[in-house]
Structures are given as structure tokens and as C-alpha cells.
Trainee: 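Structure provided below as C-alpha cells; questions to follow.
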2 protein chains.
Amino acid sequence: MADEDFKLSCPIPLSEYPHITLAHGGGGKLMHQLIDRLFIPSFDNQALRAGHDGAVLSIDKSRLAFTTDSYVVDPIFFPGGDIGSLAVNGTVNDLAMCGARPLCLSVAMIIEEGFSIESLWTITRSASAAAEKAGVPIVTGDTKVVDKGRGHGIYITTAGVGVMDHSLTIAPASVRAGDAIVLSGDIGQHGIAVISKREGLGFETEILSDCAPLTDPVQRLLQAGIEIHCLRDLTRGGLASALVEIALSARLHLAVDEAVIPVSEAVRAACELLGFDPLYIANEGRFIAFVPLQQADKTVEILRVQAPEVTPAIIGKVSDAHSGLVTARSVIGAERIVDMLTGDPLPRIC
Amino acid sequence: MADEDFKLSCPIPLSEYPHITLAHGGGGKLMHQLIDRLFIPSFDNQALRAGHDGAVLSIDKSRLAFTTDSYVVDPIFFPGGDIGSLAVNGTVNDLAMCGARPLCLSVAMIIEEGFSIESLWTITRSASAAAEKAGVPIVTGDTKVVDKGRGHGIYITTAGVGVMDHSLTIAPASVRAGDAIVLSGDIGQHGIAVISKREGLGFETEILSDCAPLTDPVQRLLQAGIEIHCLRDLTRGGLASALVEIALSARLHLAVDEAVIPVSEAVRAACELLGFDPLYIANEGRFIAFVPLQQADKTVEILRVQAPEVTPAIIGKVSDAHSGLVTARSVIGAERIVDMLTGDPLPRIC
């Protein structure tokens, strides 16, 4: 193919977007443009088109989930965690969001020349402790080193394989009109913890990342017979982006009530100070579950018992309008459309 | 744990090696020190201790292989391939080295702000073409963007799951005294192709990377009933490091004959010019197979028919000395011990 033809074949108009920006990694519209126009058509297959946190494979009679994520969080060490625990929990959680129990993880590190071995030891120990807590072995890995000035300390990519012990199809396509939207706990801690460390902000109350494995709460819901339709963890782009992604995939209208979305006083104060909307702040230990309305109270109760320190809540419902929109009713009763941002207010949050 | 105690608990003496160097990623002794002293004890489990290219898992009646690698090759585009095809073939080959047929791959990209979307499109297409050639779908992925000056264009981490259609245990522990060591083709092309592009060296004959999927040759050997004991692809650290790794794992003596190791005239000339030993140069489409002596000729014949352009050869045998050493008989008949280098003569080769 001639050079000019090749350029024209690029599904993203190069005259408009010639270069990658930080926003392309932010979980917002530009990232979805890359995925929808560039990656999905190139790597075209059923599993990828499902638009889920991981792919589902059938092996003999088992259904397996397979997922990966890279972690480039800045700073590497933040209140409540570090890149090691984050990289383990993040992939464990993507498996959990498929309804899978994690079987094994891989850990691949890209380390910058000059990085301290003591820090590497701390991160290795932290990843190991997180894996032990999540009950999953790290069975394979890789180490690469790049020249000084070509990295930023350490980047970690984890991948994971999990197994489904149930027969549900937990995916955006299973969301139904009438479903309740349950949020597993208060939002915004991870993003604020990272940005406060990065920018050297000292809040009165130290805010810790919510970084934690979500296997246990999901397994408890499944074991209690909750007919989960869909799960999504609230990472880059926060609660708002997760809701928009699912509304678009399911082609249904999601209506949430802002007044009941739990946000801690400390996070709310930090967001006001920094001009952030907590709906868009990343979390690493929170998720939304789409469940039949009649099981919503039981879902909240199970999540509350499982982790008394967080505050699960029914935050909205799925209506039968096929709009693909998310609307939020504000504290004063006004309705607004919740959209994805173009990028992310906080780059390199995970 | 107090800070001082924590430092003392680090299994690598911090006074000796306080920082990561490029050599820690080079496939040589320093990398093995990191793996053996830091990662394996931290992530301790059976699969990791096996010291293989991937982990083997049992699901129902199936045996699966699971593996990951990060790719940081510099430059991103080189004669005969690019980081996209390399990242796909590299992980496909790690699965092949477990004797597994690839089922699915993940692709996680860490892109530097300012990277050209056209290059990303080229790499995506190249990865997609490599996956198609290897017959494996890319089912899940991730995209992160890091600030300008915190990366180097693009780094890619792939992970893969494969399935074993046979009942052999292909692993260093299965190597037996008397086994023949078969090399699948001429060595050194990938490393020389990359370094020639990086350093702007123009050789008379352009040397192309040998980057290619190894699934097909391995599957043909299995289908022909070759009782493969162990396989290893010759990436970072080259043929020499692969041999040393297996000799150490199997605790056996490997004796090879340098005169029969195929090296193309072009690669040999480039190595002489640059002062490299072809035994240590990375390859991305070559492997060694440990097979029973009576099946060695048949192994060579199958590999030759499968890829007539390469030149497979029986390069040595496993002796019953439990020395864990590798020795090479030179062209003039002298015997020398082949050791791993501390680092790699060519950093960022994959």
C-alpha cells in the first residue's frame, strides 16, 4: 500500500488527531475513540466486541475469564497502596467483574535504569501480599529494563485467568430495564489519595486509596443467589464513565440519584477544593452491580455485612428508554445528562 | 518492620547492587539474580519454580499454558518486523515452547504522549497480521498514556493462554542424558537486524529479523510423534543463555559443537565487525528442542520441510555428567565452557 493510501486507511483522521495525548489514556471519549475505531476493527473478534473488562473463553466445560491491564500510576507509592498492590488488585478486580474467581496472575515489569532495588523489593512484597490476600498465585512474569529517561521508575502489566463457578452471563448485554444499580461503597478515595501525594497536598484527614480485591464481595453475591446481570469496577473515568459505558453497550437509559451516591466528607471537601466532580474520580475497590430490583436490598445487605467500613447503596435504576443515556437527579431535584469527559481530570491515576 | 530491618530483609545485598542497571533486563546473570533471589521467593509457588517460559495450569481435563512478556525494543520499527509483530510472536512462541497451541492473546500498550497515531496504526495492523498468521485472536487489551519523556514511543506487554493437545511434560526437568539438542535454524538475525537499525549501520546484505511464530513447527513435531523433552526459544541472551538455563535447571551437562551451529555469512560478518559472539545474540524465531537421540534426524527433517529457508541442525547432546555446565567444542577442536554473560551485549533487543 502506498504511504498516502495507508494514512487514508487509518480510521482516526490524522489531520485532526496526529498524536497521542494524555487524554487518550484517560478512560474518556478519546480513549474510547482509539478502542472503537483503531483497536477493535484491527483485532476484530467476538470477545473483544463484547466491550467487557475481560474476555470469556470456553475450555471443555469450564468458562474462563482472561484480562490484562498496565499500571503507570504516578507516584508509585501513595497513601493506602503502591503500584504493586494496585497492579494485582486491578487485574483481580477485572476478573471479579466478569464474575470469575482468579486462578493465576502474571506480572511483567518495565523498570527504568537507576530504579532503586529497595523500592523494587517493597513493590514485589506488596504485590505478593495483595496476591495472597486475593488468594491467587503469581505464576509467571517478565522483567525489562529501559534506559534512564525512557521510563518513570516502574510500570507493571498484569494479566489474569479466572474461572466462573456459575452459569450467569455477567455482561452489559444482560442489563435489563427495571434493574437496580447498586454501588458497592463510597467513591473517589483512590484518585484523591494519588493526586494528594503527587501534588504534595496535605488534607486535614489523610485520604487512603480504596485499592482492594473485589473477588470476595462478588463471590458472596453469587453464593447468595443474586442474579447479577452486570458488574463494572469504577477505575479511570470513575462512576460516571462506567455508567456511560454500560448505557451505551446495553442501549438503555440509566437514571441515578446523586443524593444517595456515597462520598466521604473528606473526599467531598477535597473535590470542592480542587474543582473535581467525584463522579469522575477513579476508584480501585468500588464497583456497580446491575441486579433485579427485587434483589437490590439483599445485594446492599450482603455488601454491607462483607465490608462494614464502606457504605453500599442503591443509586438508580435502568429504565426502558433505549436512549443509551445516563441521567443524574441532583440534590436539588434537577435532572442532568452525565457524559464521559474527553480525557481524565487526573492522568496516570492507575 | 523498621526501615533498617526491611533493607536487611532484601535478598539482594543493597550495598552491592543499590540500583537497577540495563544489565538487569539483559537475560544474563544479573537478571537471573533478580528472578531467583527477589521474585521467586516473593511470589513462591510451584509453577514459578518450574523455571519455564510459561506456567502450566490444569482446568478440568485440559492443561493450559499461560505466559507474558513486555516488549521495549529500540527502535520500534526494524528490518523484518516491528514491536507489534514482535509482541505477538514473542508470546505465541513462549506458549509454543510449553508445547501449547495458542488460544488467545491480550495486548497492553504503554504509549508516550506525542507518539504518532499513524505509527500506532501501523503497529496495530502489524500485531493484527501476526496474530492472524499465528491463528490466535487478540481478545482483550489495555491502553495507558505516560507523559512525554517518561516512555519511549510505545511499550507493549502481551499475555497468552494456550492449550496442550498432548500428554508430554515439555520442561527442563524432562531433559535426559543422551538427548539430542536440535537447533531449528540459523542464529543471530533478530539481534543484528535491530542493532543495525538502531546504530544506523548499513551492511552489504540487509539482515532481516527472524521474528516469526513457532507454533507450526512445534505442532508438526508433536503430530509426527516426536517425544519432545524440552523446548526453549532463543531470545535475550541468545543460544548460549538458553543452553545454560536448561543445563542449570536440569542439572545435566550439555555439550555442543560450534562447527555445526548454523550462522549466515551476513550475520557472521556483522558479528565479527561488531565484536559480538553469535551465540549470545537474540533471535525471535529460533528454538532448541531436546529430543531422544533416535528421533533427532526425524526432528531435523520435519523442521527442514516446514521452513526450507532455515537450516535446522543437531548441534549437540546431553551427557550424564550432573555438572549443570554447557561446553562448546570450537571449530579447531578446543573445548570451552559456555557461560551466561552478566547482562546482554545488546540492551532493549526485544
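Just so we're on the same page: letters track the sequence lines, and every chain starts at 1.
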Trainee: How far apart are the C-alpha atoms of A:C10 and A:R37, what are their side-chain angles, what is the distance that settles it, and do they pass the side chain to side chain contact (heavy atoms under 4.5 Å, CB included) test?
Mentor: CA-CA 9 Å; A:C10 182; A:R37 295 207 206 162; over 6 Å; no
Trainee: Quick one: what part of B:E132 sits under 4.5 Å from any heavy atom of chain A, side chain, backbone, both or neither?
Mentor: neither
Trainee: Using non-hydrogen atoms and a 4.5 Å limit, figure out which bit of B:I110 sits close to chain A: side chain, backbone, both or neither.
Mentor: side chain
Trainee: So, do A:H152 and B:V146 sit near enough that their side-chain heavy atoms are less than 4.5 Å apart?
Mentor: no
Trainee: Relative to chain A, which segment of B:K148 carries a heavy atom at a distance below 4.5 Å: side chain, backbone, both, or neither?
Mentor: neither
Trainee: Within the side chain of B:T158, is there an N or O that forms a donor-acceptor pair under 3.5 Å with the backbone of B:A87?
Mentor: yes
Trainee: Restricting to non-hydrogen atoms, name the atom on A:V107 and the atom on A:M109 that form the minimum distance, rounded to 0.1 Å.
Mentor: CG1-CE, 4.0 Å
Trainee: Quick one: closest heavy-atom pair of A:I170 and A:G99, and the distance?
Mentor: CD1-CA, 3.8 Å
Trainee: Enter the distance from A:D60:CG to B:S62:OG here, rounded to the nearest 0.5 Å.
Mentor: 3.0 Å
Trainee: Mark yes or no for whether B:S128, through its side chain, and A:S42, through its backbone, hold a donor-acceptor pair below 3.5 Å.
Mentor: yes
Trainee: Without swapping roles, check the side chain of B:D82 against the backbone of B:S85 for a donor-acceptor pair under 3.5 Å.
Mentor: yes
Trainee: Are A:P347 and B:E113 close enough that some pair of their side-chain heavy atoms sits under 4.5 Å apart?
Mentor: no
Trainee: So which residues of residues 23-32 of chain B are in contact with chain A at a heavy-atom cut-off of under 4.5 Å?
Mentor: B:H24, B:G25, B:M31
Trainee: Under the 3.5 angstrom rule, does the side chain of A:N93 hit a backbone N or O of A:E284 as a donor-acceptor pair?
Mentor: yes
Trainee: Roughly how far, to the nearest 0.5 Å, is the CZ atom of B:F78 from the CD1 atom of B:I83?
Mentor: 8.5 Å
Trainee: Select all residues of residues 64-73 of chain B having any heavy atom within less than 4.5 Å of some heavy atom of chain A, and report them by number, or 'none'.
Mentor: B:L64, B:F66, B:T67, B:T68, B:D69, B:S70, B:V72
Trainee: Using a cut-off of under 4.5 Å on heavy-atom pairs, state which of A:R236, A:R150, A:E118, A:H19 scores highest against chain B.
Mentor: A:R150
Trainee: Can you tell me how far OG1 of A:T157 sits from CD1 of B:I156, rounded to the nearest 0.5 angstrom?
Mentor: 10.5 Å
Trainee: Go through the atoms of B:L22 and report whether side chain, backbone, both or neither lie under 4.5 Å from a heavy atom of chain A.
Mentor: both
Trainee: Taking all heavy atoms of A:C98 and all of A:H166, pick out the closest pair and write down the distance.
Mentor: O-NE2, 4.3 Å
Trainee: Given the rule in the salt bridge (Lys or Arg N to Asp or Glu O under 4.0 Å) test, do A:R101 and A:D165 qualify, once you have shown the distances and angles that lead to the verdict?
Mentor: CA-CA 8 Å; A:R101 190 168 44 78; A:D165 299 319; 2.5 Å; yes
Trainee: Under 4.5 Å heavy-atom distance to chain A, tell me which part of B:T21 shows up: side chain, backbone, both or neither.
Mentor: backbone
Trainee: Answer with side chain, backbone, both or neither: which region of B:R348 has an atom nearer than 4.5 Å to a non-hydrogen atom of chain A?
Mentor: side chain
Trainee: Contact part of A:L38 toward chain B, heavy-atom cut-off under 4.5 Å: side chain, backbone, both or neither?
Mentor: both
Trainee: So which of A:D147, A:I111, A:V161 has the largest heavy-atom pair count under 4.5 angstrom toward chain B?
Mentor: A:D147
Trainee: Just give me the residue among A:G151, A:S116, A:A55, A:A108 that pairs up with chain B most often, heavy atom to heavy atom, under 4.5 Å.
Mentor: A:G151
Trainee: Please state whether the side chain, the backbone, both or neither of B:L14 comes within less than 4.5 Å of a heavy atom of chain A.
Mentor: side chain
Trainee: Give the member of A:A159, A:A127, A:S106 that has the highest number of heavy-atom pairs under 4.5 Å with chain B.
Mentor: A:S106
Trainee: Please check if the side chain of B:T124 supplies one atom and the backbone of B:L120 the other of a donor-acceptor pair under 3.5 Å.
Mentor: yes
Trainee: Counting only heavy atoms closer than 4.5 Å, note whether B:P18 contacts chain A via side chain, backbone, both or neither.
Mentor: backbone
Trainee: Shorter than 4.5 Å, heavy atoms on both sides: which option in A:I20, A:D74, A:L105 has the most such pairs with chain B?
Mentor: A:I20
Trainee: Side chain, backbone, both or neither: which part of B:T122 has a heavy atom under 4.5 Å from chain A?
Mentor: both
Trainee: Keeping A:H190 on the side-chain end and A:T235 on the backbone end, is there a donor-acceptor pair under 3.5 Å?
Mentor: no
Trainee: Shortest non-hydrogen contact from B:V139 to B:C104?
Mentor: CG2-CB, 3.7 Å
